[in-house]
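Each chain gets a letter, A, B and so on, in the order the sequences are listed, and its residues count up from 1. Predicted, not measured: the structure shown is a model, and the values here were computed from it.
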Amino acid sequence: MRVRFAPSPTGRLHLGGARTALFNWAFARRHGGRFVLRVEDTDRARNTEESLTSILDSLRWLGLDWDEGPEVGGEHGPYFQSERQGRHREALERGLREGWLYRCFVPLDEVRAQREAARAAKGNWRFDPGSRELDPREAERRAAAGEPHVVRMRVPEGERLVIHDHVRGEVTFDSSEVEDWVVARADGVPTYNFACALDDADMAVTHVIRGEEHLVNTPKQMLVRRFLGLPEPEYAHVPLILGADGRKLSKRTGDTAVEDYRARGYPPEALFNFLALLGFSIDDKTTLFSPDELVRHFELGRIQKGGAVFDPVKLDWMAGEYLRATPTDELARRVLPWMQEAGLVPDEPSAADLERLERVAGAFRERLTLYGELPERARFLYEEVEPDAKAAQALAAPGVAELLQDLLAALEERSEWPPADLPGLVREVAAGRGAKPGAVMKPLRAALTGTLGGPELVEVLDLLGRERSLARLRRALATGARNG
RNA sequence: GGCCCCAUCGUCUAGCCCGGCCUAGGACACCAGGUUUUCAUCCUGGCGACAGGGGUUCGAAUCCCCUUGGGGUCACCA
């Protein structure tokens with residue numbers, strides 16, 4: 001079995017595209033087939049090299065490796081559509097010769113006018129009889145003379161075109177609804193539906209798994225293959241990913257590029273899992289699963305028919321699940337680039353830097369959703385920070401100065417660091433002034449971390465070290481005195 | 001508007017193909033408790049859906065029809 005993902009390098013990899021690629025990949029892996037990547041780069045004006053690089057990077061980041069395509073080659077190449085034009089033109093000429101294609105000299109704006117008129121009449125534009133019935137020899141003569149024109153398909157009338165779709169069942173189109181679509185543009189370059197139909201067949205693609213927006217393209221592609229006597233693949237049109245507004249996911253609703261999620265520090269496993277769960281399910285209970293598990297259970301028939309709304313909140317939950325499940329040393333590795341970016345860890349970290357980072361990562365693992373969140377949370381462990389509003393308030397509360405003073409004194413007496421029984425110590429200090437332990441813990445945390453949340457205080461004391469911890473307490477005391 | 005597709009908790013979904021086991025299951029979110037020195041994690045409980053109407057049948061979320069609603073697509077882009 002052979003499947004393909006065919007992105008056009010006109011932008012970054014979209015969540016929708018990523019999921020289509022993922023389904024194709026899962027299907028190939030499930031059945032021991034081949035996952036082919038074909039680059040549809042026939043739109044010269046919009047193609048960019050960066051887009052291609054970015055798309056390939058995103059696929060790799062998600063763990064979707066391809067068996068044939070750019071950078072890996074294969075027996076059914078070339079894998080850039082632009083390099084397959086010889087074959088496309090050959091088919092074009094054959095179509096013209098056999099009469100199922102014809103040259104159309106009607107100017108673009110006139111075709112548009114016809115279409116609008118048809119629509120205004122609540123109908124469907126199909127073709128312009130004038131150009132469709134033009135004598136072929138006359139057409140060739142005008143073409144040879146350099147008259148601008150496109151090539152259209154002479155779409156047959158009244159034929160039922162039945163798509164056998166693994167997710168939708170049978171979908172039937174009447175060929176009378178299909179217009180005489182443009183097969184080659186004025187510059188001679190074949191259009192998508194023509195090139196795609198040909199390439200899929202030539203690449204021996206057996207299953208076309210793609211977004212539902214392509215469902216309406218299918219009759220055109222079927223016609224191409226039928227005229228050419230090429231085999232027809234099986235289909236699976238997967239539902240769209242929708243935004244919160246219920247419409248096809250777009251930039252308006254939020255980040256749509258895989259790279260955006262990567263940059264924000266989502267674990268790739270989480271995005272993979274989440275995307276797989278959009279329109280697919282293994283069973284009635286399984287929510288968290290690995291690529292291997294997906295592969296073991298993947299079936300086209302289990303793909304949902306209706307569109308799925310992308311829920312960033314659930315994605316975040318899942319990201320947290322994966323992050324928490326990551327072993328500490330691995331977590332430290334993953335988080336490193338963000339810490340370096342924030343300037344908290346040097347570009348060339350020492351062994352001590354890395355060891356400390358691992359401890360920091362361990363201390364925060366239960367509190368993080370994304371890798372990218374660590375720098376701001378853990379900054380206080382690396383630099384002096386100003387207390388936030390709530391911490392400042394806790395520090396300025398009445399009686400706090402005395403309690404902190406007592407605690408500081410008690411701490412200074414200890415040689416052991418961090419003090420093993422911090423809670424006991426805190427209790428003592430509090431009791432000494434008839435206060436509750438919380439009255440000490442809270443300002444201590446505020447003085448040390450600048451916030452009211454975070455890892456256990458013993459851990460913080462340890463990570464900060466004796467000198468820094470005591471210094472921060474003293475500083476808080478001094479500031480408190482000035483404010484009070 | 002034409003054509004095509006779709007329709008279970010707010011969201012992702014199981015169940016539907018092969019009617020009874022469904023007083024419709026799970027997850028996210030939300031709400032209420034509990035654990036915890038904070039935050040978070042974790043645990044327990046709760047809230048909450050078969051779009052509507054007709055059939056078929058002893059029996060329908062499951063089959064059929066209609067209505068309604070939503071979406072996709074109508075490029076010399078892919």
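Taking for each of A:R247 and A:N193 the nucleotide of RNA chain B with the nearest heavy atom, the 5'-most of the two is the partner of A:R247. Residue whose closest nucleotide on RNA chain B sits further toward the 5' end, between A:E212 and A:R324: A:E212.
For the C1' atom pair drawn from B:U68 and B:G54, the interatomic distance equals 14 Å after rounding to whole Å. Look at the P atom in both B:G25 and B:A61: the space between them is 14 Å, to the nearest Å. With both ends at atom P, the span from B:A29 to B:U41 equals 9 Å, rounded to whole Å. Taking atom C1' on both nucleotides, B:A24 is separated from B:G15 by 8 Å, rounded to a whole Å. B:C64 sits 16 Å from B:U57 when the P atoms are compared, rounded to a whole Å. If you take atom C1' in B:G20 and the same atom in B:G33, they sit 39 Å apart, rounded to whole Å. Going from the P atom of B:G26 to that of B:G46 covers 10 Å, rounded to whole Å. For the P atom pair drawn from B:G72 and B:U67, the interatomic distance equals 22 Å after rounding to whole Å.
Distance CG (A:N217) to C1' (B:A75): 11 Å, rounded to an integer number of Å. The separation between A:K220 atom NZ and B:A75 atom P is 8 Å, rounded to whole Å. One can place CD of A:Q81 at 13 Å from P of B:C77, the figure rounded to the nearest angstrom. A:L278 places its CG atom 12 Å from the P atom of B:A14, with the value rounded to the nearest Å. One atom, CG of A:L448, and another, C1' of B:U37, lie 13 Å apart when rounded to the nearest Å. Regarding A:E321, its CD atom lies at a distance of 14 Å from the C1' atom of B:G26, rounded to whole Å. The distance from atom CD1 of A:I241 to atom C1' of B:U13 is 15 Å, rounded to the nearest whole Å. The CH2 atom of A:W181 sits 14 Å away from the C1' atom of B:C74 (whole-angstrom rounding).
Distances shorter than 4.0 Å separate none of the side-chain N or O atoms of A:K390 from OP1 or OP2 on B:C39. Using a 4.0 Å cut-off, some side-chain N or O of A:R185 falls inside it from OP1 or OP2 of B:A78. Between B:A14 and A:Q304, a contact under 4.0 Å exists linking OP1 or OP2 to a side-chain N or O. The shortest distance between the side-chain N/O atoms of A:R119 and the OP1/OP2 oxygens of B:C3 is not below 4.0 Å. Close to B:C77, at under 4.0 Å from its OP1 or OP2, lies no side-chain N or O of A:T42.
Closest to the A:R152 side chain, of the nucleotides B:C3, B:C76, B:U13, is B:C76. When distances run from any side-chain atom of A:E456 to the nucleotides B:C76, B:U73, B:U38, the shortest one goes to B:U38. For A:E366, counting side-chain heavy atoms from C-beta on, the closest listed nucleotide (B:U41, B:A78, B:C4) is B:U41. Proximity note for A:V309 (side chain, C-beta onward) versus B:U73, B:C6, B:U11: the nearest is B:U11. Listed candidates were B:C77, B:C28, B:U73. Nearest to the side chain of A:E213 is B:U73. Distance from the side chain of A:T191 is smallest for B:A78 among the nucleotides B:U13, B:A78, B:U73. In the set B:G25, B:U11, B:C74, the nucleotide with an atom closest to the side chain of A:D311 is B:U11. Among B:C12, B:A27, B:U73, the nucleotide with an atom closest to any side-chain atom of A:K248 is B:U73.
When heavy atoms are screened at a 4.0 angstrom cut-off, A:R302 is found touching the sugar-phosphate backbone but no base atom. Backbone-only engagement by A:T172 is indicated by non-hydrogen atom pairs under 4.0 Å involving sugar-phosphate atoms exclusively. When heavy atoms are screened at a 4.0 angstrom cut-off, A:L457 is found touching base atoms of the nucleic acid. No contact: A:P239 has no heavy atom under 4.0 Å from any strand. Heavy atoms of A:G454 sit under 4.0 angstrom from at least one base atom.
Across all strands shown, B:A14 remains unpaired; no Watson-Crick or G-U wobble contact has both distances below 3.5 Å. Figure legend. B:G1 is base-paired to B:C74; pairs are counted as Watson-Crick or G-U wobble with both atom distances under 3.5 Å. Pair assignment for B:A7: B:U68, on the basis of Watson-Crick or G-U wobble contacts that are both within less than 3.5 Å.
Ion pairing of A:E116 with A:R119 is absent here, as no side-chain N (NZ or NE/NH1/NH2) approaches a carboxylate O to less than 4.0 Å. Between A:E212 and A:R168 there is a salt bridge, since a side-chain N of the basic residue sits under 4.0 Å from a carboxylate O of the acidic one.
A cation-pi arrangement is not found for A:R38 relative to A:Y79, the charged atom failing to lie both closer than 6.0 Å to the ring centre and inside a 45° cone about the ring normal.
Ring centers of A:Y192 and A:H214: under 6.0 Å apart, within the cut-off.
Side-chain atoms of A:F173 and A:T218, non-hydrogen and from C-beta on, never get closer than 4.5 Å to each other. Taking the side chain as every heavy atom from C-beta outward, A:I282 and A:R296 never approach each other to under 4.5 Å.
For the side chain to side chain donor-acceptor pair (under 3.5 Å) test, no residue two or more places apart in sequence or in another chain qualifies with A:Y382.
No donor-acceptor distance shorter than 3.5 angstrom exists from the side chain of A:D406 to the backbone of A:V429, with no hydrogens or angles considered.
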